[in-house]
Amino acid sequence: MEYLAHLTLNCGIFIILAVSLNLINGMAGQFSLGHAGFWAIGAYTGAAFSVFSPLPIPDWMNLFIGCGIGGISASIAGILIGIPCLRLRGDYLAIATLGFSEIIRLLIVNMDVVGGPRGFTNIPKWANLGWVYLWVVITILFISNLMKGTHGRAIISIREDEIAAESIGINTFKYKLMAFVIGSGFAGVAGALFAYSQQFIHPNGFNFLWSVIILLMIILGGLGSITGAVIGAVILTLLPEVLRLMGETISQWRMVIYSLLLIMLMLWRPQGLFGKKELNLSALLGRKKS
Amino acid sequence: MSAPILHANNITMKFGGLVAVDQLNLKVFKNDLVGIIGPNGAGKTTVFNMITGIYTPSDGEIILEKRNINTERPYAISQLGISRTFQNIRLFKDLSVIDNIRLAGHQGLTYSAMSSIIRSKSFKTAEKKLTEEAIDLLKIFKLENKKDFLAKNLPYGEQRRLEIARALATGPQLLLLDEPAAGMNPNETNELSELIGWLRDYFKIAILLIEHDMGLVMNVCERIYVLDYGKLIAHGTPGEIQNNPKVIEAYLGTEVD
Ligand SMILES: Nc1ncnc2c1ncn2[C@@H]1O[C@H](COP(=O)(O)OP(=O)(O)OP(=O)(O)O)[C@@H](O)[C@H]1O
Ligand SMILES: [Mg+2]
C-alpha cells in the first residue's frame with residue numbers, strides 16, 4: 001500500500017515537471033534540456049528553508065511558503081538563463097540549458113551547507129499525496145488557462161512561425177521568456193514538493209538524464225498537449241516499476257526496452273500519443289449524450 | 001505635397017559580394033497605392049525585408065514618419081504601423097482561422113497574463129471584444145463561415161486572403177503585400193484587384209505591393225517602381241512604365257540585332 005502511495009506521489013511530481021516543460025518545449029517550441037536544473041534549484045532552496053528557517057506556523061502553511069520559495073528561486077534562475085540563452089536557436093539552446101543544469105548540480109555537490117555530495121537529509125515531511133495533487137491541479141489550471149488567452153496564443157505563435165509572429169507585432173523574445181520563466185518556476189515547485197515528500201535529496205537525483213526523461217514524457221504524450229504531458233509522465237513513471245515486477249532480467253534491460261518502445265512509437269505515431277490535442281471532458285460527455 | 005509616411009533613402013542591401021538592392025530611393029505617401037515590379041531576383045522581397053526589420057540595410061536609411069527604423073526589431077516596426085504578407089504564405093497553420101486574426105489583435109492587449117490565468121472580468125471583456133473584431137474582419141474577407149477551420153485546411157486563395165486579413169488586424173497605416181496574386185486563378189485575381197483598392201479606401205491606409213501579374217499592377221497601382229538587379233530603372237505611372245524602353249528591355253532581355 002505504501003509502495004502504491006509512493007508511486008502515485010511520484011507520478012504527481014512528474015506530471016508537474018512534464019506539464020511545465022511542455023509549456024517551454026511544446027507550446028513555445030524552445031528546445032530546453034535543462035529542466036532537471038530548475039527542479040534541483042526548487043528542491044534545494046525549498047529544503048534549505050524547511051531545515052534552516054521554518055516558520056512557527058502549521059506545516060501546511062510552511063509547505064506553501066516552501067513551494068513558493070522553490071518556485072520563485074527557479075523562476076529567477078529561469079530569467080538569468082533565459083535572457084542570454086533564448087536568443088539562441090534549436091540545438092544551441094538545448095546545449096546551453098543542458099550545460100546550465102549540470103553547473104547547478106556541480107555547485108550543489110560543492111555546497112557543504114546542503115550536504116554536498118552526501119545529499120541533503122532530515123528534511124521535514126510536509127508534503128503528502130493530497131498536497132502534491134493540489135499542486136498538480138494548480139499547475140494544470142494555471143498553464144491551461146494561460147494558453148487560452150492572448151498571451152498563450154502569442155506563445156504558441158512562436159512555435160508555429162516566429163517570423164510571422166514578429167510581423168504582427170508579437171515580441172517573440174518576451175513571450176519565449178514568459179514561457180521559460182513560468183515553466184522553470186513550476187519545475188521549482190515540483191522540486192520543493194519532491195524534497196518535502198522524500199525527506200532526502202541527492203545531487204545525482206537531478207542529473208541531465210532526468211531532463212531527458214522529462215523530455216521523453218512530453219514527446220511520448222505529444223509535444224504541445226497538456227493532456228499528453230500528463231499521460232506521458234504517468235506512463236514513464238510507472239513503466240520501470242512494471243518492468244521490475246516482471247523480473248530481474250527484464251528489469252536489467254529496462255533502458256533497452258524504453259528505447260525500443262520509443263522507436264516503435266516514433267514510427268507508429270511521430271506526433272506522440274495525443275498530438276497537439278487536448279482531452280476535452282465536456283466534449284466527451286456531450287458526445288455520449290447525443 | 002505632404003511628407004511621405006515611409007521614405008527609403010538610398011538603401012542598399014549586400015549579401016556577401018552580392019548587392020541585392022542598390023541605393024534604392026522610394027517614397028510612400030498617405031493613401032498611396034504603389035507597386036514594385038521587376039524580374040525574378042531583382043531585389044523586391046529584400047526591400048520588404050529591410051522595411052519590416054528582418055534585414056538591416058547595409059547602407060542608407062529607412063524613415064517612418066521622421067523616425068529612422070533601420071535597426072528596429074520586426075515586432076516593433078509592426079507596432080509602429082507597418083504590416084505585411086509574405087511571398088510564401090506564412091500563416092499559423094495549425095491554429096484556427098479566427099485565432100490567426102485574434103493573434104494579430106494582440107497589440108491592443110488590455111489585460112495581463114495573470115488576468116487570463118484567473119479568468120478575470122477584464123480578460124473576458126477583452127477577449128469578447130477581440131473575437132467580435134476578428135469576426136467583423138473575417139466577414140470583409142468572406143471567411144467568417146470558416147472561422148474554426150485550421151488555417152492549413154483552407155484552399156490556397158483563401159489562405160492568401162486570410163494572410164491579408166491578419167496583416168490588417170494589426171491596424172497598420174502601411175500594408176506591404178508580397179505577390180498577393182501568386183497562385184491565384186484569373187477569377188480570384190480579378191476579385192483581388194478590386195479588393196485591394198477597396199481596402200485602401202475603407203481602412204484609409206497606404207499599400208505597397210510586389211506583383212508579377214502585370215494586369216493587376218497596371219490596374220490597381222497609381223505609381224510603379226521598377227527594379228532590375230537591385231537597381232531602380234524606372235518610376236512612374238502605369239502608362240509611363242508600360243512605354244519605358246528600359247523596362248521593356250529588362251523584361252524581354254537585350255534585343256539582338
Ligand atoms: N538572405 C539572403 N542571403 C543571400 N542572398 C539573398 C538573401 N535574400 C535574398 N538574396 C538574394 O538577393 C537577390 C534578390 O532576392 P529577392 O528575393 O529580393 O528577389 P525578388 O525580386 O523578390 O525575386 P522574386 O520575384 O523571385 O521573388 C537574389 O539574388 C537572392 O538570391
Ligand atoms: Mg520576392
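Lettering of chains follows the sequences in order, A, B, ..., and the numbering in each one begins at 1.
Most heavy-atom pairs under 4.5 Å with chain A, from the set B/T52, B/D94, B/N100: that is B/D94. When each of B/A104, B/A76, B/S83 is checked for heavy-atom pairs under 4.5 Å with chain A, B/A104 comes out on top.
Seen from the ring of B/Y75, B/R73 does not count as a face-on cation partner, given the 6.0 Å and 45° thresholds.
Residues of residues 165-173 of chain A lying under 4.5 angstrom from chain B, judged on non-hydrogen atoms, are A/A165, A/E166, A/S167, A/I168, A/G169, A/I170, A/N171, A/T172, A/F173 in numerical order. The contact list for residues 174-195 of chain A toward chain B, using heavy atoms and a distance under 4.5 Å, reads A/Y175, A/M178 by residue number. Proximity to chain A at a heavy-atom threshold of 4.5 Å picks out B/M114, B/S116, B/I117, B/R119, B/F123, B/E127, B/L130 from residues 114-148 of chain B, in numerical order. Close approach to chain B, defined as a heavy atom under 4.5 Å from one of its heavy atoms, is seen in A/L146, A/K148, A/G149, A/T150, A/H151, A/R153, A/A154, A/I156, A/S157 of residues 146-158 of chain A, taken by number.
Atom CG of B/N70 and atom OH of B/Y55 lie 15.5 Å apart (nearest 0.5 Å). Here the CG atom belonging to B/L24 is positioned 10.0 Å from the CG atom belonging to B/N9, to the nearest 0.5 angstrom.
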- Task: Decide yes or no on side chain to side chain donor-acceptor pair (under 3.5 Å) for A/R159 and A/N25, but give the supporting numbers first.
- Result: CA-CA 9 Å; A/R159 169 190 84 197; A/N25 286 35; over 6 Å; no

- Query: Can you check side-chain contact (heavy atoms from CB on, under 4.5 Å) on B/L227 and B/I36, steps first, answer last?
  - Reply: CA-CA 7 Å; B/L227 288 184; B/I36 302 181; 4.2 Å; yes

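Side chains of B/P180 and B/L192 form a contact here, defined as non-hydrogen atoms less than 4.5 Å apart. The shortest distance between side-chain heavy atoms of B/E179 and B/M184 does not fall below 4.5 Å.
Between the side chain of A/T139 and the main chain of A/I16, no donor-acceptor pair closer than 3.5 Å is present. Put simply, the side chain of A/N22 gets close to the backbone of A/G224: a donor and an acceptor are under 3.5 Å apart.
Taking the six-membered ring where the residue is Trp, A/W131 and A/F64 present perpendicular rings, their angle passing 60° and hence far from 30°. Using the six-membered ring where Trp is involved, B/Y202 and B/W198 have ring planes that are parallel, under 30° apart on the 30 and 60° scheme.
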